[in-house]
Each structure stands twice: as structure tokens, then as C-alpha cells.
Visitor: 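One structure follows; several queries about it will come next.
A quick note: this is a predicted structure, and the numbers were derived from the prediction, not measured. All residue numbers in this chain count up from 1 along the given sequence.
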Amino acid sequence: MIAFLTGRVAARGAGSAVIDVGGVGMSVQCTPSALTRLHVGEAGTVATSLVVREDSLTLFGFADDDEKHLFERLQTASGVGPRLALAMLSVLDPDTLRHAVATEDTAALTRVPGIGKKGAQRIVLELRGKLDTPVLTDGTLPSAPVSGAGPNGAWRTQVVSGLVNLGWSGKDAEAAAAAVAPQAEETTDVAVLLRSALRTLSRA
């Protein structure tokens with residue numbers, strides 16, 4: 001089990017990074033929040049979860065242990081694999097995700113591309129009561145779903161990362177993000193922009 005990686009960031013892509021650990025380049029698929037903390041040429045640390053498949057070993061990286069543990073817990077729900085769990089964390093932050101499950105807010109869950117109404121209901125049914133109680137930094141519970149919007153430009157990292165986590169190439173993801181940039185002047189709602197980017201890619 002590889003719990004975390006610390007080393008020099010050798011490269012950073014749309015949804016992944018390469019961290020030089022003792023001369024070995026470790027490729028890590030990352031959440032947007034983890035990527036924003038990694039800068040090429042500087043030392044960086046990510047919490048990690050290793051997913052073992054018959055034909056592959058994939059490291060997933062997170063900003064902290066909270067994201068990591070939620071990523072692993074999400075996969076205990078039927079139909080939720082590592083890619084979808086990563087996509088969920090690309091659109092909704094951990095506390096908002098917990099809040100959506102705790103309050104049976106399926107509308108918030110369907111904001112994630114790849115999750116329909118029935119899938120959201122199944123996730124709520126299987127995970128309700130199994131996730132920690134969401135608490136914000138001020139000690140209060142979130143009162144409504146948060147889109148993941150942040151400062152100007154932060155949406156682009158999340159949209160690109162979300163598309164890559166859903167299987168699109170970095171080049172296509174960057175192009176789709178550029179295509180929806182004018183829309184970002186009106187809203188920085190990551191879920192809305194991600195869906196628009198997906199429509200752009202489906203038409204291409």
C-alpha cells in the first residue's frame with residue numbers, strides 16, 4: 001500500500017502529475033485540488049490510493065487523506081469505479097458530496113457526468129450513513145450543494161481534470177475548456193461548464 005508520495009514534481013498534465021521519488025518517476029492521476037498544489041520543479045506531496053487491476057496498477061492522488069478516504073468509500077457503492085469516484089471529486093468537494101448523500105440530494109449527484117437519476121438514488125441508498133458528517137471550516141454544516149466554483153480560472157483546471165478523468169485526452173479536454181471559456185464569464189459553476197464541455201466534445 002502506497003499511502004502518500006513526496007518528491008519533486010517532474011511534470012503536470014491535465015489530470016495527472018509525475019512525481020520524482022528517489023529518481024523514480026511516479027505517475028499519479030489527481031483530483032483538481034491535488035493538482036493545484038503541485039508545481040513543476042518544486043517539492044510536492046499527495047495522499048495516494050493504489051488501484052490494482054489484472055492488467056494495470058494505477059495510483060490516484062489527493063490533496064489530503066480526507067479526499068483519499070472518501071474516494072475509497074465511494075467505490076463501495078455498486079457501479080462506482082475509480083474513474084467515476086475521481087470524477088465525483090472533480091465536480092463536488094468532499095463535504096458537499098457527503099452532504100448530498102446525507103440529505104438524499106440526488107440532484108447534486110447528477111451534476112456529475114456519468115451519474116443519472118437511478119445511479120444517484122443507488123449511491124444514496126448504499127452510502128447513506130456510511131460517510132462522515134460534513135463539517136465546514138467554520139464548524140457549520142453546508143446548507144446547499146456547492147458547485148466547486150472558485151477564483152477566476154480555477155474552473156478550467158477542474159473542468160479539464162474532470163474530462164480527463166472521464167477518459168478524454170488532455171488535448172481534447174483543453175480544447176473543450178477553451179470552447180466554454182466565454183460561458184465562464186457568466187458562471188463559474190464547474191458542473192455546468194463540465195456538461196457544456198462534454199456537449200462540445202460529443203459534437204466534435
Visitor: What distance separates Leu92 CG from Arg98 CZ, expressed to the nearest 0.5 Å?
Guide: 12.0 Å
Visitor: Donor-acceptor pair, Thr45 side chain versus Thr6 backbone, under 3.5 Å?
Guide: no
Visitor: Does the side chain of Val18 reach to within under 4.5 Å of the side chain of Val28, using non-hydrogen atoms?
Guide: no
Visitor: May I ask you to say whether Glu42 pairs ionically with Arg8, meaning some side-chain N is under 4.0 Å from a carboxylate O?
Guide: no
Visitor: Below 4.5 Å, heavy atoms only, C-beta onward: do Ile123 and Ser78 meet side chain to side chain?
Guide: no
Visitor: If you compare all heavy atoms of Pro82 against all heavy atoms of Phe71, which two are closest, and at what distance to 0.1 Å?
Guide: O-CE1, 3.3 Å
Visitor: Is any side-chain heavy atom of Leu109 closer than 4.5 Å to a side-chain heavy atom of Leu97?
Guide: yes
Visitor: Are Leu59 and Met26 side-chain neighbours, meaning at least one heavy-atom pair lies under 4.5 Å?
Guide: yes
Visitor: Hydrophobic clustering (ILVMFWY, side-chain heavy atoms < 4.5 Å, transitive) - are Phe4 and Val24 grouped together?
Guide: no
Visitor: How close do Val40 and Arg12 get, heavy atom to heavy atom, and via which atoms?
Guide: CG2-N, 3.9 Å
Visitor: Distance only, no hydrogens: is a donor on one side chain within 3.5 Å (strictly under) of an acceptor on the other, for Thr106 and Gln121?
Guide: no
Visitor: State the CZ-OG1 distance between Arg111 and Thr96, to the nearest 0.5 angstrom.
Guide: 10.0 Å
Visitor: Would the distance check show the side chain of Lys68 and the main-chain N or O of Asp64 forming a donor-acceptor pair, the cut-off being under 3.5 Å?
Guide: no
Visitor: How close do Ile115 and Ala120 get, counting heavy atoms only, and between which atoms?
Guide: CG2-N, 3.7 Å
Visitor: Using the rule that Ile, Leu, Val, Met, Phe, Trp and Tyr join whenever any side-chain heavy atoms are under 4.5 Å apart, tell me whether Leu35 and Val9 fall into a single cluster.
Guide: no
Visitor: Which atoms form the tightest heavy-atom contact between Gly44 and Leu38, and what is the distance?
Guide: CA-CD2, 4.0 Å
Visitor: Going through the distances and angles, do Glu126 and Thr76 end up as a side chain to side chain contact (heavy atoms under 4.5 Å, CB included)?
Guide: CA-CA 8 Å; Glu126 295 185 16; Thr76 64; over 6 Å; no
Visitor: Without hydrogens or angle criteria, can the side chains of Glu67 and Ser33 be said to hold a donor-acceptor pair below 3.5 Å?
Guide: yes
Visitor: Does any N or O in the side chain of His69 come within less than 3.5 Å of the main-chain N or O of Asp65, such that one atom is a donor and the other an acceptor?
Guide: yes
Visitor: Would you indicate whether the side-chain heavy atoms of Trp155 and Val160 approach each other to under 4.5 Å?
Guide: no
Visitor: Is there a path of hydrophobic side-chain contacts, each under 4.5 Å between heavy atoms of I, L, V, M, F, W or Y residues, that connects Leu198 with Met88?
Guide: yes
Visitor: Answer with yes or no whether the hydrophobic clustering places Val91 together with Leu201; edges join I, L, V, M, F, W, Y residues whose side-chain heavy atoms lie under 4.5 Å apart.
Guide: yes
Visitor: Got Leu89 and Leu70 here, is their nearest side-chain heavy-atom distance under 4.5 Å?
Guide: yes
Visitor: Hey, does the side chain of Ser16 reach the backbone of Gly13 with a donor-acceptor pair shorter than 3.5 angstrom?
Guide: no
Visitor: Mind checking whether Pro113 and Leu194 have side chains closer than 4.5 Å, heavy atoms only?
Guide: yes
Visitor: Might you point out which heavy atoms bring Thr200 and Ala179 nearest each other, and give the distance in Å?
Guide: CG2-CB, 3.9 Å
Visitor: Ignoring hydrogens and geometry beyond distance, is a side-chain donor-acceptor pair present between Arg199 and Ser196 at under 3.5 Å?
Guide: yes
Visitor: Determine yes or no for a side-chain-to-main-chain donor-acceptor pair under 3.5 angstrom, with Thr103 supplying the side chain and His99 the backbone.
Guide: yes
Visitor: Sub-3.5 Å donor-acceptor pair from the side chain of Arg122 to the main-chain atoms of Ala77, do we have one?
Guide: no
Visitor: Given 3.5 Å as the limit, does a donor-acceptor pair link the side chain of Arg73 with the main chain of Leu131, or not?
Guide: no
Visitor: Check whether Leu74 and Val112 end up in the same hydrophobic cluster, where Ile, Leu, Val, Met, Phe, Trp and Tyr are linked by side-chain heavy atoms less than 4.5 Å apart.
Guide: yes
Visitor: Quick one: pull up SG in Cys30 and CZ in Phe62 and give me the separation to the nearest 0.5 Å.
Guide: 8.5 Å
Visitor: Are the side chains of Thr48 and Phe60 in touch, meaning some heavy atoms are under 4.5 Å apart?
Guide: no
Visitor: Please report the shortest heavy-atom distance between Leu163 and Ala176, naming the atom on each side.
Guide: CD1-CB, 3.9 Å
Visitor: Rounded at 0.5 Å granularity, tell me how far OG in Ser90 sits from CZ in Arg83.
Guide: 10.5 Å
